[in-house]
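These notes are about the structure you will find just below.
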Amino acid sequence: MSDDPVQSTPWWLELGAQACDFCQRTFHYEAIYHCVHCDRPICPFCMMEIRESREVTCSECHEEDT
Ligand SMILES: [Zn+2]
Ligand SMILES: [Zn+2]
């Protein structure tokens with residue numbers, strides 16, 4: 001009988017990948033976005049999307065933009 005651990009961690013929350021510059025949490029590199037302005041890594045929770053251009057920015061650049 002194998003005792004498989006339950007996969008409760010989503011693939012994009014796995015450790016050992018890219019860290020978000022804002023919340024300091026670590027995410028799978030494929031889940032990390034990069035701000036089009038400052039090129040800092042942002043996670044899906046911290047990123048802001050500009051609706052018109054569909055570009056992804058961090059919260060700091062987003063504030064400067066508006
Ligand atoms: Zn974050
Ligand atoms: Zn930025």
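Ligands are counted one by one from 1 in listed order, and the atoms in each one are counted from 1 as well. Residue indices begin at 1 and follow the sequence shown.
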Which atom pairs, donor and acceptor, lie under 3.5 Å between side-chain atoms of residues 41-49 and protein residues at least two apart or in another chain?
none

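Atom-to-atom distance recorded for T57:OG1 and E63:CD is 9.5 Å, nearest 0.5 angstrom. The CG atom of D21 sits 10.0 Å away from the SG atom of C35 when rounded to the nearest 0.5 Å.
Under the 4.5 Å side-chain heavy-atom criterion for Ile, Leu, Val, Met, Phe, Trp and Tyr, V56 and F27 are members of distinct hydrophobic clusters.
Our summary of the site lists the angle at the Zn ion (ligand 1) between SG of C43 and SG of C46 as 100°, to the nearest 10 degrees.
For the Zn ion (ligand 2), the count of nearby protein N, O or S atoms, meaning those under 2.8 Å away, is 4.
Looking at E60 and H37, their side chains never come closer than 4.5 Å, going by heavy atoms from C-beta outward.
With sequence neighbours excluded, no residue forms a salt bridge (Lys or Arg N to Asp or Glu O under 4.0 Å) with R51.
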